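For reference, the structure discussed in these notes is given below.
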Amino acid sequence: MESNFFEKVFELTKQIPVGKVTSYGAIAKAIGSPKSARMVGWALNKSTIHNVPAHRVVNRNGLLTGKNHFANMNTMQELLENEGIIIQKNKIINFKECFWQPKFKT
DNA sequence: TACGTGACCCAGA
DNA sequence: ATCTGGGCCACGT
């Protein structure tokens with residue numbers, strides 16, 4: 001049995017549309033474990049460089065907490081800005097506007 | 001086998 | 001408004 005959690009986080013993250021972002025808690029909640037938001041970040045950390053736009057996943061405050069784990073600290077912000085997202089001081093300005101809620105979709 | 005760690009979130013003071 | 005503490009599940013050593 002494969003790690004459901006890992007796969008779920010993977011799927012949801014890959015389903016994030018361009019120019020949109022989401023939070024770890026949202027993904028965790030979508031999976032069914034709102035309390036386990038920490039594992040979402042852990043899962044992404046395992047898959048940072050795979051084909052998963054982990055850079056579109058930020059914390060509840062819209063802060064790029066995980067940028068430290070990317071290849072380069074600027075990578076995450078650069079990618080998000082490239083998507084059209086406004087970031088300042090490692091924080092998304094129009095976070096609410098760019099927020100996207102993950103859903104289960106086969 | 002057991003303990004520690006982690007890209008977080010919520011509730012209380 | 002800010003600060004502190006607790007909880008959660010899975011993985012690594």
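In this text, all values refer to a predicted model and were calculated from it rather than measured experimentally. Just so we're on the same page: letters track the sequence lines, and every chain starts at 1. FYI, side chains are in, hydrogens and waters are out, and symmetry mates aren't considered; it's all heavy atoms of this structure.
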### Query
side chain to side chain contact (heavy atoms under 4.5 Å, CB included) between A/Asn94 and A/Ile85: does it pass, once the steps are laid out?
CA-CA 7 Å; A/Asn94 52 348; A/Ile85 299 171; 3.9 Å; yes

#### Entry: A/Lys29 NZ - C/dC8 P separation (whole Å)
16 Å

### Minimum-distance nucleotide to A/Met39 side chain [options: B/dA7, C/dC11, C/dC9]
C/dC9

### Nearest-Å distance for atom pair CZ/P, residues A/Phe95 and B/dC8
13 Å

### Task
Please measure how far the P atom in C/dG6 lies from the corresponding atom in B/dG4, and state the result in whole Å.
15 Å

### same_hphob_cluster(A/Val58, A/Val52) at 4.5 Å side-chain heavy-atom cutoff
no

### Task
Tell me what A/Ala43 touches on the nucleic acid: a base, only sugar-phosphate, or nothing, going by heavy atoms under 4.0 Å.
nothing

#### Entry: Integer-rounded Å distance: B/dC9 P and A/Lys35 NZ
14 Å

### Summary
Taken to the nearest whole Å, CG/A/Leu80 to P/B/dA7 is 18 Å

### Summary
From CZ of A/Phe10 across to P of C/dA10 the rounded distance in Å is 17 Å

### Task
Output yes when at least one side-chain N/O atom of A/Lys46 is less than 4.0 Å from OP1 or OP2 of C/dG12, else no.
yes

### Task
Take atom NZ of A/Lys91 as the centre, draw a 6.0 Å sphere, and report whether it contains more than 12 heavy atoms from other residues, nucleotides or ligands.
yes

### Query
Do other residues, nucleotides or ligands put more than 12 heavy atoms under 6.0 Å from the NZ atom of A/Lys14?
yes

### Task
Return the nearest nucleotide to the side chain of A/Ser23; candidates are C/dA10, B/dA7, B/dC9.
B/dC9

## Note on the structure
A/Asn45 CG to B/dA7 C1', in whole Å, measures 7 Å

### Minimum-distance pair of heavy atoms, taken over all atoms of A/Phe70 and A/Ala54
CZ-C, 3.7 Å

### Summary
From the candidates C/dC11, B/dC8, B/dA7, the one with an atom nearest any side-chain atom of A/His69 is B/dA7

### Message
Could you tell me how far apart A/Ile27 (CD1) and C/dC9 (C1') are, to the nearest whole angstrom?
### Response
16 Å

### Message
Among C/dC8, C/dC11, B/dA7, which nucleotide has an atom closest to any side-chain atom of A/Arg38?
### Response
C/dC8

#### Entry: Distance in angstrom units between A/Phe6 CZ and C/dA10 P, rounded
14 Å

### Query
Below 4.0 angstrom from OP1 or OP2 of C/dA10, is there any side-chain N or O of A/Ser36?
no

